[in-house]
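Data block below; observations after.
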Amino acid sequence: MKTAAAILSTLLLALAAACGEQPEPAAEEAGADSTVALSGEISVVGSTTVQPLAEVLGEAFEALNPDLTIIVSGGGSSVGVKSAGDGSAQIGMASRHIKSSEYDEFPGIVVHTIANDGIAIVVEPGVTVDVLTMDQCRDIFSGAVTNWNQVGGPDMPIIVVSREEGSGTRGAFEELVLGEEALMAESAILQPSNGAVRTTCSTTPGAVAYLSFGYLDPSVKTIAIDGADPTPENVANGSYPVSRPLNMITSGEPQGAVAAWLSFITSEDGQAIVVAEGYLPIN
Amino acid sequence: MRKLVQNAAFTVFWMAGLGAVLIMLSVVGYVVFKGFADITPEFFTTSPRGGLSGEGGIQSTIITTVYLVVLTLLVATPLGVGAGIYLVEYADQARSGFMKRITSAARFGVETLAGVPSIIFGLFGYALFVTALKLGFSLASAALAGSCLIIPVIIRTTEEALKAVPDSYREGSLALGASRWETIWKVILPSAFPGITTGIVLGAGRIVSETAIFFVTLGGSYRTPTSLLASGRSMALHVYYLAMETRAFDKAMATAAVLVVLVILMNLSINMISRRITRDTR
Amino acid sequence: MPHGRSTVKNRVENTMKTVLMISALSSVAIVFLIGFFTLKESIPAFRGIGPLNMLTEKVWRPGQDSYGILAMIAGSGLVTLGSVLIGVPLALGCAVFLAEVAPKWMAEIVRPSVELLAGIPSVVYGLFGMVVLVPLVRGIEVPGNTGFGLLSASVVLAVMILPTIASVAESALRSVPRSYYNGSLALGATRWETIWRVNIPAARSGILSAVVLGLGRALGETIAMIMVIGNSVIMPKALTGNPLSIFLSRARTLTGNIAVEISYATGVHESALFATGVVLFLLIMIVNTSARGLLKASIEGGRRK
């Protein structure tokens with residue numbers, strides 16, 4: 001057994017050594033002097049809600065800096081915070097507020113809100129309901145109401161589609177719509193991403209789901225809550241109640257290319273892209 | 001009457017056999033015909049557009065798949081072939097208790113690994129490579145986790161290939177004064193080479209098909225990875241993302257069709273190699 | 001000079017032996033590492049929740065600190081049962097057909113087809129399930145049936161385990177000595193009677209181990225499952241008075257639980273997912289070990305006779 005342990009530890013060491021030798025992403029070198037054209041790589045990891053927006057913002061910034069590559073991958077809000085905190089990615093993405101437990105674990109993280117996002121309630125287009133009250137929404141998603149005819153729709157069972165536990169969108173939705181008491185219906189179809197939720201909702205008769213504004217498309221029908229349509233305008237004027245911030249996270253104050261990209265995002269040009277993609281600007 | 005029963009029973013078995021062929025034809029046929037309807041040359045030469053559109057081709061996912069296959073084979077082939085050689089060529093001369101224990105430990109390892117579901121490799125890769133070693137969601141993490149999946153495959157086929165080499169080769173070479181390693185290197189490996197190749201092709205096939213491991217270790221960026229630490233998206237993973245994240249079922253089907261054709265080609269090449277082996281040994 | 005050469009030779013010989021030995025140990029090292037890391041990561045969950053609590057508690061709500069995986073165990077169990085019910089008769093029929101019944105030309109069509117089924121990526125099965133099977137199953141008019149659920153998943157899984165079962169069972173049947181078959185025919189039995197009364201009983205434990213291996217494969221499937229099973233965390237239950245309608249219920253498998261939530265989990269939640277992995281790993285180890293035991297018994301049994 002001793003020999004096995006010895007061999008194992010050797011293997012591990014060899015592995016760790018091999019990893020240490022790999023080149024660090026080059027973006028750090030692009031560093032201090034911002035007058036030099038930006039080059040290298042920025043790795044961005046985290047929330048699948050922020051991901052598509054980050055991809056578009058990344059492409060726009062790459063167009064200005066042809067030598068720069070911005071690599072965006074998913075993983076989820078929690079992974080985003082963790083990756084930024086432990087340095088495995090230069091930027092983390094989260095579609096929710098940062099938890100105090102996360103600040104405890106990574107005291108150095110800095111949060112940059114890049115956009116605001118509404119969460120819309122959507123149904124499969126065959127459902128003939130257009131308006132719901134906040135209370136009805138809560139009853140539907142908690143499973144207290146199980147047929148569309150109980151909320152003025154056709155006689156059709158309600159199929160709740162939701163994100164899985166731990167999702168930033170789900171967390172925000174539960175906080176804003178379900179409140180303290182109610183819990184997400186047990187029988188809900190759970191999907192691991194916003195795209196999967198949309199696909200399932202659009203193809204399952206009687207389905208209802210919640211989606212980030214950025215994911216809305218004609219394949220699903222939006223529902224007005226208390227008379228307010230889920231539009232950026234209504235979120236801005238306060239009549240549509242369900243919204244939350246989209247965040248990027250860095251470990252310490254950002255430097256070099258990372259700082260340049262983040263300030264591009266919060267600039268007028270960047271925020272114009274945010275609006276074009278269906279999200280709300282930060283101001 | 002007995003004849004009648006026999007006929008009835010055999011009809012059932014024919015139906016089972018035909019059923020299997022029919023299932024294969026319907027899955028492969030559906031995917032390939034539906035998929036190829038949407039395939040144009042540009043499909044292979046453009047990369048996915050990203051975002052939610054599902055637009056674009058699969059160029060970067062092909063490149064990522066190739067990277068993954070090459071990297072996993074770089075790790076798994078030496079280890080797997082080496083282990084196979086040890087188990088066949090050295091294990092039987094194990095006289096000491098220590099050597100015997102090593103051999104049985106290695107056998108236990110191969111047998112256990114062969115049954116481990118891929119999500120466990122993924123979970124392990126996530127814990128060790130992505131998180132503990134801080135490789136992040138990257139080609140490196142994915143390739144290391146993927147190697148664990150195919151090492152047992154390569155070990156097993158190597159063992160079989162070596163066992164198929166007649167003992168007279170070994171005896172002849174040793175009698176001529178060659179050492180054991182010389183015998184292995186100059187005599188046994190060359191004649192077992194085609195068999196070992198099937199193991200490597202089989203391993204490559206597993207990597208091309210694998211999704212669960214890469215789902216939790218590769219990150220899923222649709223860009224062409226530029227370093228070992230970059231995230232990427234293999235073709236199989238692309239099918240998953242297209243089907244689940246976008247509504248581009250046509251693009252998903254097209255990518256799946258390319259995958260299926262690739263798998264068929266790999267199966268054919270394995271069959272061809274094994275056929276040549278049986279012909280040669282006769 | 002000859003002396004010098006032979007020391008070099010010896011050195012090469014010994015180095016190579018050590019190198020090969022280390023690579024032989026790679027497999028067991030990986031097993032060890034997998035065991036170590038999944039266990040290590042799952043300790044906070046097991047400690048905080050208690051293994052028994054996890055296994056017997058039905059509710060999985062990480063937000064409310066409920067981490068029961070009984071529903072997932074039930075989901076994995078039921079979908080495996082369903083795939084066995086559908087897949088095993090077909091697979092064993094195929095095996096008998098290939099080993100005993102099929103003329104050579106036919107076997108050369110069927111065998112590669114079965115092999116190809118084994119090679120198709122699970123994501124392709126999942127896609128096929130989503131695009132073809134789910135809408136088909138949705139057509140069964142039962143309230144609450146969405147097409148996503150155990151039935152679709154079982155059908156997909158049945159096809160996926162067919163090659164494993166068919167090929168292992170076929171070789172078990174082939175390893176029955178030909179003398180049995182000839183002897184039985186000489187005694188006046190028909191071919192079918194011989195297959196049924198002699199070959200299949202003689203290959204019994206081999207066939208059983210084929211089925212058990214199929215079980216192991218079914219329990220471990222991930223991607224195809226999360227694409228068609230609906231992933232709801234509920235104890236599957238019959239949707240109508242007919243108990244079979246339980247297969248229209250949505251469910252979540254142990255594998256799916258890990259894949260769906262791992263990237264969103266932190267703290268105890270993440271640890272609970274590793275604990276799910278440990279449970280899955282143990283389950284599959286038990287299944288595979290018993291399959292190997294059966295296989296060994298069948299080989300030894302064959303030798304004895």
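Here is how names work: the chains are called A, B, and so on, in the same order as the sequence lines, proteins then strands, and each is numbered from 1.
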Check: Given a strict heavy-atom distance threshold of 4.5 Å, which part of I151(B) is in contact with chain C: side chain, backbone, both, or neither?
Finding: side chain

Notebook entry, point to check: Relative to chain C, which segment of I155(B) carries a heavy atom at a distance below 4.5 Å: side chain, backbone, both, or neither?
Noted result: side chain

Item checked: Spacing of N10(C) atom CG and S179(B) atom OG [to the nearest 0.5 Å] -> 8.0 Å

Check: When only pairs under 4.5 Å are counted, which of V12(C), I226(C), V114(C) shares the most heavy-atom pairs with chain B?
Finding: I226(C)

Notebook entry, point to check: Can you name the nearest heavy-atom pair linking G188(C) to R2(B), along with the distance?
Noted result: O-NH2, 2.9 Å

Notebook entry, point to check: If you round to the nearest 0.5 Å, how far is CZ of F129(B) from CZ of F37(C)?
Noted result: 8.5 Å

Next item on the list: Could you grab the distance from atom CE of M15(B) to atom SG of C94(C), nearest 0.5 Å is fine?
Entry: 12.0 Å

Notebook entry, point to check: Does the side chain of S209(B) come within less than 4.5 Å of I120(C)'s, by heavy atoms?
Noted result: no

Item checked: V31(B), part contacting chain C, at a heavy-atom distance under 4.5 Å -> side chain

Next item on the list: Against chain C, label M253(B) side chain, backbone, both or neither, depending on which of its atoms sit under 4.5 Å from a heavy atom there.
Entry: both

Note to self: If I measure from the heavy atoms of chain C, does V12(B) come under 4.5 Å with its side chain, its backbone, both, or neither?
What the structure shows: neither

Check: For chain B, which of V132(C), L127(C), L90(C), N288(C) has the most heavy-atom pairs under 4.5 Å?
Finding: L127(C)

Item checked: Any V28(C) side-chain heavy atom under 4.5 Å of L113(B) side chain -> no

Margin query: Between S26(B) and chain C, with a heavy-atom cut-off of 4.5 Å, which part of the residue counts as in contact: side chain, backbone, both or neither?
Written below: backbone

Checklist line | Selection residues 5-33 of chain B - residue pairs positive for ring-ring contact (aromatic ring centres under 6.0 Å, His included), sequence neighbours left out | finding: F13(B)-W192(C), W14(B)-F97(C), Y30(B)-F128(C)

Item checked: Interchain contact, F137(B) with chain C, by part (heavy-atom threshold 4.5 Å) -> neither

Margin query: Heavy-atom pairs under 4.5 Å with chain B - which of L116(C), L219(C), T38(C) has more of them than the others?
Written below: L116(C)

Item checked: Engaged part of V159(C) at the chain B interface, taking heavy atoms whose separation is under 4.5 Å -> side chain

Notebook entry, point to check: If you round to the nearest 0.5 Å, how far is OG1 of T15(C) from CH2 of W181(B)?
Noted result: 10.5 Å

Next item on the list: Give, for atom CD of E182(B) and atom CE of M16(C), the distance between the pair rounded to the nearest 0.5 Å.
Entry: 12.0 Å

Notebook entry, point to check: Side chain, backbone, both or neither: which part of E210(B) has a non-hydrogen atom closer than 4.5 Å to chain C?
Noted result: neither

Note to self: For A106(B) versus A24(C), what's the shortest heavy-atom pair and its separation?
What the structure shows: CB-O, 3.3 Å

Notebook entry, point to check: Of the non-hydrogen atoms in A105(B) and L25(C), which two are nearest, and what is the gap between them?
Noted result: CB-CD2, 4.5 Å

Item checked: Proximal to chain C - members of residues 264-272 of chain B, heavy-atom separation under 4.5 Å -> I264(B), N267(B), N271(B)

Item checked: chain B contact via E115(C) - side chain, backbone, both or neither, heavy atoms under 4.5 Å -> both

Next item on the list: Under 4.5 Å, counting heavy-atom pairs only, tell me which of L162(C), L92(C), V124(C) racks up the most with chain B.
Entry: V124(C)

Item checked: ring pair (Phe, Tyr, Trp, His ring centres under 6.0 Å) involving F274(C) - partner list, sequence neighbours excluded -> none

Next item on the list: Identify, with sequence neighbours excluded, every residue that meets ring pair (Phe, Tyr, Trp, His ring centres under 6.0 Å) alongside F215(B).
Entry: Y240(B)

Margin query: Testing the basics here: between T112(B) and R292(C), what is the closest heavy-atom pair and its distance to 0.1 Å?
Written below: N-NH1, 4.4 Å

Checklist line | Heavy-atom pair count under 4.5 Å with chain C, highest-scoring of T131(B), V110(B), V216(B) | finding: V110(B)

Check: Which answer fits E270(C), side chain, backbone, both or neither, if we ask what part of it has an atom under 4.5 Å from a heavy atom of chain B?
Finding: side chain

Notebook entry, point to check: Side chain, backbone, both or neither: which part of V260(B) has a heavy atom under 4.5 Å from chain C?
Noted result: side chain

Check: Do the side chain of Q6(B) and the main chain of E193(C) share a donor and acceptor less than 3.5 angstrom apart?
Finding: no

Note to self: I'd like to know which of V208(B), L123(B), V263(B) tops the heavy-atom pair count under 4.5 Å against chain C.
What the structure shows: L123(B)

Next item on the list: Measure T255(C) against the heavy atoms of chain B and call it side chain, backbone, both or neither at under 4.5 Å.
Entry: both

Check: Taking atom CE of M130(C) and atom CZ of F249(B), what is their separation to the nearest 0.5 Å?
Finding: 4.0 Å

Margin query: Using every non-hydrogen atom in the two residues, find where I284(C) and G115(B) come nearest and quote the distance to one decimal.
Written below: CG2-O, 3.4 Å

Checklist line | V130(B), part contacting chain C, at a heavy-atom distance under 4.5 Å | finding: neither

Notebook entry, point to check: V131(C), V19(C), L98(C), T289(C): which one forms the most heavy-atom pairs within less than 4.5 Å of chain B?
Noted result: V131(C)

Check: Checking A114(B) against chain C: side chain, backbone, both or neither under 4.5 Å from a heavy atom?
Finding: neither

Note to self: If you define the side chain from C-beta out and look only at heavy atoms, does anything of Y86(B) sit under 4.5 Å from I22(C)?
What the structure shows: no

Check: Could you go step by step and tell me if I119(B) and L280(C) meet the side chain to side chain contact (heavy atoms under 4.5 Å, CB included) rule?
Finding: CA-CA 10 Å; I119(B) 187 68; L280(C) 177 70; 3.9 Å; yes

Note to self: Assess the residue pair Y90(B) and K17(C) against the criterion (side chain to side chain contact (heavy atoms under 4.5 Å, CB included)); give the C-alpha distance rounded to whole Å, side-chain angles, the decisive distance to 0.1 Å, and a yes or no.
What the structure shows: CA-CA 8 Å; Y90(B) 287 88; K17(C) 195 165 159 185; 3.7 Å; yes

Margin query: Using a 4.5 angstrom heavy-atom cutoff, name the option from E41(C), M106(C), R111(C) with the most pairs to chain B.
Written below: M106(C)

Item checked: Nearest atoms (heavy-atom pairs only) where S23(C) meets L79(B) -> CB-O, 3.5 Å

Note to self: What I want to find out is whether R180(B) reaches E13(C) closely enough, with some N-O distance under 4.0 Å, to be called a salt bridge.
What the structure shows: no

